[in-house]
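Beneath this line is the structure, given in structure tokens, with notes to follow.
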Amino acid sequence: MQQKRRILFLALGFLCLTAAAALQYRNFRDDLRAGQSAQAIVRDLKQSVFESAQVPSSARAEPSADDAHRLQSEFAGILSIPCIGLELPVYAEYSRDALSLAPCRQYGTAREGNLVIAGHNFQQHFAPLGRLHPGDTLTFTETDGTVYSYTVCAVATLSPGQTELVFGCAHSLVLYTCNYSGNARLCIFCDLSAPG
């Protein structure tokens, strides 16, 4: 009887380890896919929107003009944080599906000075935000080409229920993501340093 129990516990342990490995692999694959997707979107935004703005409309190919219009309506712009090596597109509207591909504008605008951007804690997305410190700089480039420069002024860990500290705060830009266990939010509060 004891031998059967031992075999049962070994089998259950093996199943748990296999399930954990499968989950880890899925998370790694999703993270990699999200990073590849984000980089492809940044490339498309740069080619179709920013570069086409410099080409006279008579010289533009019609499909790229359509692509540029679609991208301009679908995305708010590009977030660039050189000190941690991030350059990410930002969807104009928040949705769970969009969030799995790139960060999303959840509230406000850069122009109004109350922009809130949410992102998954994928290594390819917002997980590196934890390496930011007050004084670090970043930019947000809208799809019309307007560049906003920001300086990190505070880094905080908040509970999920402390949304009043994120939405409608006095800072020009807030970036946030959940921690690995999902029970807290890492928030980066930034102030506008100079309009582009």
Subject >> Any donor-acceptor N/O pair, Ser149 side chain to Ser193 backbone, under 3.5 Å >> reply: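 No: the side chain of Ser149 does not pair with the backbone of Ser193.
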Subject >> Donor-acceptor under 3.5 Å (Asn114 side chain, Thr109 main chain) >> reply: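 Such a contact is found between Asn114 side chain and Thr109 backbone.
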Original post:
Can you hop from Leu88 to Leu99 via hydrophobic side chains spaced under 4.5 Å?
Top reply: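 In one cluster with Leu88: Leu99, no.
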**OP:** Following the transitive rule for hydrophobic clusters with a side-chain heavy-atom cut-off under 4.5 Å over Ile, Leu, Val, Met, Phe, Trp and Tyr, establish whether Tyr176 and Tyr94 coincide in one cluster.
**Re:**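 No, no single cluster joins them.
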What is the minimum heavy-atom distance between [X] and [Y], and which atoms define it?
X: Thr177; Y: His120; result: OG1-C, 3.2 Å
X: Cys83; Y: Leu132; result: SG-CD2, 3.4 Å
X: Ile117; Y: Pro103; result: CG2-CB, 3.8 Å
X: Val174; Y: Cys169; result: CG2-SG, 3.5 Å
X: Leu86; Y: His125; result: CD1-O, 3.1 Å
X: Thr143; Y: Phe75; result: CG2-O, 3.3 Å

Original post:
Hey, which of Glu93, Glu142, Glu74 is the one that makes salt bridge (Lys or Arg N to Asp or Glu O under 4.0 Å) with Arg105?
Top reply: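 Of the listed residues Glu93, Glu142, Glu74, the salt bridge (Lys or Arg N to Asp or Glu O under 4.0 Å) partner of Arg105 is Glu93.
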**OP:** Could you tell me the separation between the NE2 atom of His133 and the CD1 atom of Ile188, rounded to the nearest 0.5 Å?
**Re:**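 It is 9.5 Å, given to the nearest 0.5 Å.
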**OP:** Calculate, to the nearest 0.5 Å, the distance between atoms OG1 and OH belonging to Thr139 and Tyr150 respectively.
**Re:**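 Between atom OG1 of Thr139 and atom OH of Tyr150 there are 9.5 Å.
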Subject >> Worked check of side chain to side chain contact (heavy atoms under 4.5 Å, CB included) between Leu115 and Val90 >> reply: CA-CA 11 Å; Leu115 182 59; Val90 176; over 6 Å; no
Subject >> Stepwise side chain to side chain contact (heavy atoms under 4.5 Å, CB included) check, Leu138 with Leu173 >> reply: CA-CA 10 Å; Leu138 56 123; Leu173 173 67; 3.4 Å; yes
Subject >> Phe126/Asn121 under side chain to side chain contact (heavy atoms under 4.5 Å, CB included): CA gap, chis, key distance, verdict >> reply: CA-CA 5 Å; Phe126 274 10; Asn121 65 348; 5.7 Å; no
Original post:
Side chains of Thr146 and Asp144: donor-acceptor distance under 3.5 Å anywhere?
Top reply: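 Asp144 and Thr146 do have a side-chain donor-acceptor pair below 3.5 Å.
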**OP:** Apply side chain to side chain contact (heavy atoms under 4.5 Å, CB included) to Asp136 and Ile81, showing your working.
**Re:** CA-CA 9 Å; Asp136 289 340; Ile81 312 174; over 6 Å; no
